[in-house]
Amino acid sequence: MLQGVIAGLFLALLSLPRNITAGNLTCVCEHTDCEKNLICSGKLCFVSRHQEDREIIHKKGCLKADSELCWGSFTEKYGMKCCWSNMCNRNLAIQLPGESNQSEESPSLKNLLLMILVPLFAILVLAALVGLFVWKVVQSRQRQMLFGSDELEDMDFMLKASIAGDSTLENLLNDDCTTGSGSGLPFLVQRTVARQISLVECVGKGRYGEVWRGTWHGENVAVKIFSSRDEQSWFRETEIYNTVLLRHDNILGFIASDMTSRNSSTQLWLITHYHEHGSLYDYLQCTPLDVESCLRLATSIICGLVHLHVEIFGTQGKPAIAHRDLKSRNILVKNNKQCCIADLGLAVMHSQSSDYLDIGNNPRVGTKRYMAPEVLDEQIRMDCFESFKQTDIWAFGLVLWEIARRTVINGIVEDYKPPFFDMVPIDPSFDDMKKVVCVDQQTPTIPNRLYSDLTLSALAKIMKECWFQSPTARLTALRIKKTLKKLSNSFNKPKQHS
Ligand code: ADP
Ligand code: MG
């Protein structure tokens, strides 16, 4: 009897939920058909989730009657749970098989992205820091190469004292005691000289900076102040002047180079001899020439160019140098009416003996008007030093043409004009020049009157041989120098020959 009562009670307990379903339950309602209060009433509460395409749809609500699905299995796409007490589905959760992966997928995707991006970012920051460090080291090396180590700073005071007083630039530059390993003054002397200069007037504005007349102990000097965007030209000129024996009558005389920091900006100076006539371009504007001075100018330029182009072997030697921006604005006229070549900011060096070609890393390019056809059509062989010399020869031919036009023959002379003045606009583009020089294969027109003079006819012949389209067919600087020297000799001693 007791057993019967206990069994009855147990069964009653087990069936309790089913009994509850008999009444109406209040459940949480979350789906499109729910009323505003988000509550519904029914026989049982449920939660369900199912997947449509990629979207997972959650529902909570009431059922009016028992559903098999309450007891049924979960599928990949659908799952449902039921409960039988008021609001029992509020915290009821459900997971579809395979959904656990999906639900973890977004955090794990996030984690994965973090795992990739964070180290990547760290690597980039590290690389930037290393790059900055390397750049700083290279800069300080460059500075040290040019100016020696800072330990020498103490000597500055002593030098200032010794450089002051009666010394002239001439004896400073010729003094054996002060001559350093390169061709110029020791670096500290350069710096000291630079800082004793007073700037007087601006005498030229190039594409990349300004040239000033300055004075040092009462003597004129030229100070080229580089704009910071042309740092590489300053570095190149300084490097070439300091590593190479370049003292030559027809190369602009180098005195000093200096880099100073003022108000967090860097000032780059290159100090050279000052030539009051200015550039050959300036000079030709207002000076008609006689045949003798024409020849003198031309010969002096080619002598300078030969000195650049030739490699000199031995301890006092020099590598071969190609200028790459030869033009009348980069040639200066000295008081003795000889020229000297200036502006080595684009020059390249080559040594056959030690087998190196140093083309520097200057982003600057030469002057379009003076570019040889192989430069304009980008066919130049950059790995071959000879090609650079051949482009100098093309440009030399153009300078010769500028000089020849200003030479009076039988009382006739032309106005100054730049090469190709009648074929391209004032500031020709690369394509303008390419069309004229490469496509149409034009060269400047040689005035007929030149042929009425023996010397000028010879110059005309040289010009044409500088302007062959094929770079290898052009004359060499040495060949031109020999021809011009011969012409000068016959010109100086006409009576002996006639
Ligand atoms: P950039 O590199 O800016 O072209 P340059 O060295 O060619 O600089 O000089 C620009 C101009 O300044 C020249 O065309 C010339 O008129 C003048 N100039 C340069 N150096 C001297 C100098 N040593 N003496 C007198 N004038 C100079
Ligand atoms: Mg120049």
Side-chain angles (χ1 to χ4, degrees), residues 183-184 202-214 221-244 246-258 268-284 297 300-309 318-334 338-349 358-372 375 388-389 391-396 398-399 402-403 418-419 477:
S183 64
C202 179
V203 293
K205 270 198 170 96
R207 272 178 303 168
Y208 300 101
E210 291 178 348
V211 179
W212 283 69
R213 177 171 73 84
V221 290
V223 181
K224 184 163 162 184
I225 304 176
F226 290 74
S227 63
S228 51
R229 76 188 162 107
D230 198 29
E231 187 175 280
Q232 282 305 327
S233 291
W234 173 85
F235 186 75
R236 193 61 174 165
E237 275 204 91
T238 301
E239 185 180 42
I240 290 182
Y241 274 125
N242 277 302
T243 54
V244 173
L246 266 187
R247 299 248 160 256
H248 187 276
D249 278 350
N250 307 114
I251 306 289
L252 177 61
F254 169 73
I255 299 170
S257 226
D258 190 30
L268 305 169
W269 281 18
L270 186 95
I271 298 138
T272 60
H273 288 154
Y274 176 75
H275 298 293
E276 61 187 349
H277 291 299
S279 69
L280 178 64
Y281 173 87
D282 304 327
Y283 186 73
L284 293 178
L297 291 174
S300 65
I301 300 167
I302 202 66
C303 285
L305 196 60
V306 168
H307 185 71
L308 281 182
H309 279 189
K318 66 171 270 297
I321 298 171
H323 189 285
R324 293 177 73 207
D325 196 15
L326 195 68
K327 57 176 176 175
S328 50
R329 283 181 197 265
N330 282 342
I331 295 169
L332 300 168
V333 178
K334 307 200 293 183
Q338 283 200 17
C339 291
C340 63
I341 297 174
D343 200 346
L344 297 174
L346 252 193
V348 297
M349 296 192 272
D358 175 0
I359 59 171
N361 58 349
N362 195 342
R364 172 181 153 187
V365 290
T367 307
K368 294 175 208 100
R369 191 181 286 278
Y370 288 81
M371 280 178 182
V375 178
F388 297 113
K389 293 205 290 188
T391 65
D392 280 351
I393 296 297
W394 170 278
F396 174 79
L398 299 177
V399 172
E402 291 172 78
I403 299 173

Notebook entry, point to check: Is it the case that Glu210 and Trp212 place a side-chain donor and acceptor less than 3.5 Å from each other?
Noted result: yes
Note to self: A side-chain contact here means heavy atoms from C-beta on lying under 4.5 Å apart; do Val365 and Asp325 qualify?
What the structure shows: no
Notebook entry, point to check: If you take all heavy atoms of Pro419 and Leu398, which pair is closest and at what distance?
Noted result: CG-CB, 3.9 Å
Notebook entry, point to check: What are the two closest non-hydrogen atoms of Ser279 and Ser328, and how far apart are they?
Noted result: CB-O, 3.7 Å
Next item on the list: Nearest 0.5 Å please: distance from the CG atom of Leu308 over to the SG atom of Cys303.
Entry: 11.5 Å
Margin query: Any non-hydrogen side-chain atom of Leu270 less than 4.5 Å from a side-chain atom of Leu268?
Written below: no
Next item on the list: Determine, step by step, whether Met349 and Arg236 satisfy the side-chain contact (heavy atoms from CB on, under 4.5 Å) criterion, reporting the C-alpha distance in whole Å, the side-chain angles of both residues, the deciding distance to 0.1 Å, and the verdict.
Entry: CA-CA 11 Å; Met349 296 192 272; Arg236 193 61 174 165; 4.2 Å; yes
Notebook entry, point to check: His309 versus Asp392: any side-chain heavy-atom pair under 4.5 Å?
Noted result: yes
Note to self: Measuring only between side-chain heavy atoms, which start at C-beta, is Thr367 closer than 4.5 Å to Arg329?
What the structure shows: no
Note to self: Let me confirm one number: the NZ-OH distance from Lys334 to Tyr274, rounded to the nearest 0.5 Å.
What the structure shows: 15.5 Å
Checklist line | Distance-only donor-acceptor check, side chains Asn250 and His307, under 3.5 Å | finding: no
Next item on the list: Could you please spell out the steps behind the salt bridge (Lys or Arg N to Asp or Glu O under 4.0 Å) verdict for Lys224 and Glu237?
Entry: CA-CA 11 Å; Lys224 184 163 162 184; Glu237 275 204 91; 3.0 Å; yes
Note to self: Working to the nearest 0.5 angstrom, can you tell me the gap between Lys327 NZ and Met371 CE?
What the structure shows: 10.0 Å
Item checked: Evaluation steps, side-chain contact (heavy atoms from CB on, under 4.5 Å), between His275 and Cys340 -> CA-CA 9 Å; His275 298 293; Cys340 63; 3.7 Å; yes
Checklist line | Verdict with reasoning, Val348 to Arg324, per side-chain contact (heavy atoms from CB on, under 4.5 Å) | finding: CA-CA 8 Å; Val348 297; Arg324 293 177 73 207; 3.4 Å; yes
Next item on the list: Give the minimum heavy-atom separation between Ser300 and Cys339, together with the two atoms involved.
Entry: OG-N, 2.8 Å
Next item on the list: Calculate, to the nearest 0.5 Å, the distance between atoms CD1 and NE2 belonging to Ile255 and His273 respectively.
Entry: 4.5 Å
Note to self: Are Leu332 and Leu280 packed together at the side-chain level, in the sense that at least one heavy-atom pair is separated by less than 4.5 angstrom?
What the structure shows: no
Next item on the list: Identify the heavy atoms of Ile393 and Ala477 that sit nearest to each other, and give their distance.
Entry: CD1-N, 3.5 Å
Note to self: On a heavy-atom basis, which atom in Trp234 and which in Trp269 lie closest, and how many Å separate them?
What the structure shows: NE1-O, 2.8 Å
Checklist line | Tyr281 vs Asn330 side-chain heavy atoms within contact, under 4.5 Å | finding: no
Note to self: As an exercise, state the distance from OG1 of Thr272 to CG of Leu252, rounded to the nearest 0.5 Å.
What the structure shows: 4.0 Å
Check: For the atom pair CD1 (Ile240) and CG (Leu344), what is the distance rounded to the nearest 0.5 Å?
Finding: 5.5 Å
Next item on the list: State, without any angle test, whether Asp230 and Ser227 hold a side-chain donor-acceptor pair at a distance under 3.5 Å.
Entry: no
Item checked: Worked check of side-chain contact (heavy atoms from CB on, under 4.5 Å) between Tyr370 and Val399 -> CA-CA 9 Å; Tyr370 288 81; Val399 172; 4.2 Å; yes
Notebook entry, point to check: Any sub-3.5 Å donor-acceptor pair from His323's side-chain atoms to Ala342's backbone N or O?
Noted result: yes
Notebook entry, point to check: Quick one: are Trp394 and Val375 in side-chain contact, heavy atoms under 4.5 Å?
Noted result: no
Check: Can you find a pair of side-chain heavy atoms, one from Leu246 and one from Phe254, that are under 4.5 Å apart?
Finding: no
Next item on the list: Return the orientation label for the His277 and Tyr283 ring planes: parallel under 30°, perpendicular over 60°, tilted otherwise.
Entry: perpendicular
